[in-house]
Amino acid sequence: MQDTIKAVIFDIGGVVVKSPFIAISQYERENGLPANYINVALSKHGSDGAFQQYERGEISHEQFIDQWTDELNDTEANNRAYRRYLARRKLDVHMVLPRKTRINGSVVFARMMEISATPNHCIVDLVRWLRRNGYRVAALTNNFNNDATSGKMRDEVLAPLFDAFFESTVVGLRKPDPRFYIHACNSLEVRPSEVVFLDDIPANLRAADALGMAAVSVSIGNEDRAVEAVKRILRSRGLKSANL
C-alpha cells in the first residue's frame, strides 16, 4: 500500500514562474546559435561550473558573470560537449558549429531573471488550493542570493506562497543532490514517499523518483497538465479531508 501524500514540493523556475530556458532559447535564435547550445555549455562542467557554484552561494554575482561568460565562450570545450549532446539524441553530429562566440553572460542572465518574474498562474492557484486543503507546501529551488532582482521576487512574491522555502544558496546544496531533497523532507517532517515533487528538469525528477517521491514533470506551455497530474495522484493517495 502506498503512503498518503502529505506534502507537495515545487521547483520555482519553469514551474511556479515562467522558465528561464525560454529566454535562453530566444537569445540563441537571435545570435545564430544552435538550439540548446547555451544549456549544454551551462552544464558541461557538471557541479563545478560557474552557474552551479553561484546556485550554491559560493561566488558573488560579479564573479559569476565573469566566469560564466568565459565558460559560455569557450567554443572548443562547448563544441565537444555539444557534439556529445547531438550523439546522445541521435542528431546530426556533423552540424557546423561556431568557431567563435561572443555570448554576453550578463545579458543572458538578465533576460532569464526577467522572464522568471512572470508567474504560471495555474501552478500558483494549485499551491494556494493545496494549502487550503491541509497539505504542507514547499519550494525547493536552485537559486541565487546575490542578485537583487531575484531576491526581491523571492521575498515579496514567491516565499509568502509556501509553508517553507528551501534555497540552494542558503542550504549549500543544489538539485539533483539527494541531500537537498532529504533536507526538505526532514524539515517538513514527512517521508519522501509522502511527497509529490514538481520540476521541469529531468535530472531533478529522476533524483526525486529515486528517493520514492511521486515526480511530476512540468513542461513549457503544458503547466495545466502538471496540475491535473498532481490532482490524479491526490485523488488516489491524498488526504481524505481534501476537497478535490
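Atom set for the values below is all heavy atoms of this structure, side chains included, hydrogens, waters and symmetry mates excluded. Starting from 1, each residue takes its place in the sequence as its number.
- Across A203 and P176, no two heavy atoms sit closer than the pair O-CB, 3.6 Å.
- The closest donor-acceptor contact from the side chain of R56 to the backbone of G172 lies at 3.5 Å or more, if one exists at all.
- Annotation: the span from Y27 atom OH to L72 atom CG amounts to 8.5 Å, rounded to 0.5 Å.
- Between the OG atom of S106 and the CD1 atom of I65 there is a distance of 5.0 Å, given to the nearest 0.5 Å.
- To the nearest 0.5 angstrom, D125 atom CG is 12.0 Å from D224 atom CG.
- N222 and S219 share a donor-acceptor pair across their side chains, judged by distance under 3.5 Å alone.
- When each of V137, V124, V218 is checked for a side chain to side chain contact (heavy atoms under 4.5 Å, CB included) with F10, only V137 meets the rule.
- Separation of atoms NZ (K6) and CZ (R191) is listed at 6.0 Å; rounding is to 0.5 Å.
- In this structure, S236 contributes its side chain and I233 its backbone to a donor-acceptor pair below 3.5 Å.
- For F144 and H61, the ring centers sit 6.0 Å or farther from each other.
- The aromatic rings of Y37 and Y82 sit tilted, their planes meeting at an angle between 30° and 60°.
- Atoms OG and CD1, from S116 and I22 in turn, are 8.5 Å apart once rounded to the nearest 0.5 Å.
- Among all heavy-atom pairs drawn from C122 and E223, the shortest one is SG-CB, 3.6 Å.
- In this structure, S168 contributes its side chain and E55 its backbone to a donor-acceptor pair below 3.5 Å.
- Of all non-hydrogen atoms in A7 and L188, the two that sit nearest each other are CB-CD1, 4.4 Å.
- Taking the charged nitrogens against the carboxylate oxygens, R225 and E228 have no contact shorter than 4.0 Å, which rules out a salt bridge.
- Remark: the backbone N or O of A50 is not paired with any side-chain donor or acceptor of Q63 at under 3.5 angstrom.
- Distance check: N142 CG to D199 CG gives 8.0 Å after rounding to the nearest 0.5 Å.
- Checked against the 6.0 Å centroid threshold, F109 and F64 count as a close aromatic pair.
- Sorted by first then second residue, the salt bridge (Lys or Arg N to Asp or Glu O under 4.0 Å) pairs that include residues 11-39, not counting sequence neighbours, are D11-K175, E30-R111.
- One N or O on the side chain of N133 and one on the backbone of W129 form a donor-acceptor pair closer than 3.5 Å.
- At distances below 3.5 Å, not a single donor-acceptor pair connects side-chain atoms of D209 with backbone N or O atoms of A215.
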